[in-house]
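Contents: one structure, followed by commentary.
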Amino acid sequence: MIINRAELYRQLALETHLRQGLSTINRVICVLILLASLVAILETEPMLRALSPRLFPTLETVFVVIFIGEYLLRLYVVGEDFRYRGIKGRLRYVFSFWAMVDLLAILPYFLGFMVQNNGFLLRMLRLGLMLRLTRLGRFSQAWVALAEALKSRSHELWLSAGLAMLLLLLSSFCLYLAEASAQPEVFGSVPRVLWWSVTTLTTVGYGDMVPITGLGKFFAGLTAVAGIGIIAMPTGILAAALSDAFQKNR
């Protein structure tokens, strides 16, 4: 049975699918994206590449051919949308967000042939292959809710980011004043102390820089406690915004 362009468009475009959930075609595409990402991850293990040197390049070629076919198919059926009809409409679609994501997910495969002798660039291109995972956002309304949440609470989020930067600089200056004379090689300048402030405010605490003076320990304690609030503030704002966005979509 031949499927016409309108039916293909309904199968590929999430917003036009008549039934709840993903269409069969989009489900298959999601599975292929996950498999391709898994292959890109496993390919970084030298032992696996040594077991079968041709396996990963072959799988990568197969996935790229499939994704190119999907890209061209979407470019063909998007003419069903009045916004993308005609040559100008197709060009507008090519430069739309999700079309650019689709293209960028394919591009690293071809760039890899140009930098085969540069190990760093090859690793960068393999990282670029993980862009395929972002393509899953096309099939989820959660991304729309997240975008709405970020937009609706942008002022509060920027305020919390500004407070975090202010606290970061303040704690760095305090530790610099308290510890610079006792540990000049570690706390001898504000830029050096910034690393300590970042790890402390984010509650990571690597332990590579530790205050030893009483005043330094006091400021370090205040910074560690303040870090909990700095992390909790944007988390609470975003959680409330996401809840509102999901309720609105329902």
Side-chain angles (χ1 to χ4, degrees), residues 1-81 84 90-147:
M1 182 178 64
I2 299 176
I3 303 177
N4 58 33
R5 192 175 75 168
E7 179 60 28
L8 278 174
Y9 179 68
R10 283 192 292 270
Q11 290 290 318
L12 288 169
L14 184 67
E15 64 275 11
T16 61
H17 185 50
L18 300 178
R19 298 180 181 178
Q20 188 176 7
L22 295 178
S23 65
T24 302
I25 294 177
N26 282 334
R27 288 179 183 176
V28 171
I29 292 172
C30 286
V31 172
L32 289 173
I33 291 172
L34 291 173
L35 289 175
S37 301
L38 179 61
V39 168
I41 292 171
L42 295 177
E43 190 180 5
T44 62
E45 174 54 53
M47 291 180 62
L48 293 177
R49 291 202 307 268
L51 290 175
S52 181
R54 296 301 307 163
L55 176 61
F56 289 108
T58 301
L59 288 175
E60 186 61 36
T61 302
V62 171
F63 285 128
V64 166
V65 170
I66 293 173
F67 291 145
I68 290 176
E70 179 214 350
Y71 180 84
L72 294 176
L73 187 61
R74 288 186 183 276
L75 188 61
Y76 166 68
V77 302
V78 78
E80 292 295 318
D81 189 332
Y84 303 119
R90 293 296 203 288
L91 288 174
R92 196 180 306 118
Y93 171 76
V94 167
F95 291 101
S96 65
F97 177 76
W98 287 117
M100 290 297 294
V101 170
D102 292 343
L103 193 60
L104 289 174
I106 298 170
L107 196 59
Y109 172 81
F110 297 100
L111 293 178
F113 294 108
M114 305 178 187
V115 295
Q116 289 183 357
N117 296 325
N118 191 316
F120 175 76
L121 288 179
L122 277 175
R123 290 192 293 272
M124 286 290 294
L125 289 175
R126 283 175 183 152
L127 178 63
L129 290 174
M130 299 311 295
L131 280 173
R132 291 168 181 167
L133 285 175
T134 63
R135 297 187 60 219
L136 293 175
R138 180 201 291 274
F139 309 107
S140 175
Q141 293 297 329
W143 285 82
V144 178
L146 178 60

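Here, residue 1 is the first one in the sequence, and each next residue gets the next number. Everything numeric here is computed off the predicted structure, so don't read it as measured data.
Across all their heavy atoms, Pro46 and Thr44 have their closest contact at CD-O, 3.3 Å. Considering every non-hydrogen atom in both Tyr71 and Ile106, the closest pair reads CB-CD1, 4.4 Å. The minimum heavy-atom distance linking Val78 with Arg90 is given by the pair CG1-CD, 3.8 Å.
In this structure Tyr84 satisfies the ring-ring contact (aromatic ring centres under 6.0 Å, His included) test together with Tyr93, sequence neighbours excluded. Under the side chain to side chain donor-acceptor pair (under 3.5 Å) criterion, Thr61 pairs with Tyr109, not counting sequence neighbours. For Leu35, the side-chain contact (heavy atoms from CB on, under 4.5 Å) partners at least two apart in sequence or on another chain are Val31, Phe63. Partners of Leu42 according to the side-chain contact (heavy atoms from CB on, under 4.5 Å) rule, which considers only residues two or more places apart in sequence or in another chain, are Leu38, Leu48, Phe56. Shown here are the side-chain contact (heavy atoms from CB on, under 4.5 Å) partners of Phe95, two or more places apart in sequence or in another chain: Met100.
A distance of 8.0 Å separates CG of Leu73 from CD1 of Ile29, quoted to the nearest 0.5 Å. Here Leu8 contributes atom CG and Arg10 contributes atom CZ; the two are 9.5 Å apart, rounded to the nearest 0.5 Å. Arg49 contributes atom CZ, which lies 13.0 Å from atom CZ of Arg54 (distance to the nearest 0.5 angstrom). The distance from the CG atom of Leu32 to the CZ atom of Arg27 is 14.5 Å, given to the nearest 0.5 Å.
Salt-bridge formation is detected for the pair Glu70/Arg74: a Lys NZ or Arg NE/NH1/NH2 atom is positioned less than 4.0 Å from an Asp or Glu carboxylate oxygen.
Of the possible donor and acceptor atoms, none in the side chain of Arg5 sits under 3.5 Å from a partner among the backbone N and O of Val77. Proximity of a side-chain donor or acceptor of Asn26 to a complementary backbone N or O of Leu12 within less than 3.5 Å is detected.
Counting only heavy atoms from C-beta outward, the side chains of Leu107 and Leu103 never approach each other to under 4.5 Å.
Each of Asp102, Ile33, Val62, Leu72 was evaluated against Phe67; a single residue qualifies, Ile33, per the side-chain contact (heavy atoms from CB on, under 4.5 Å) test.
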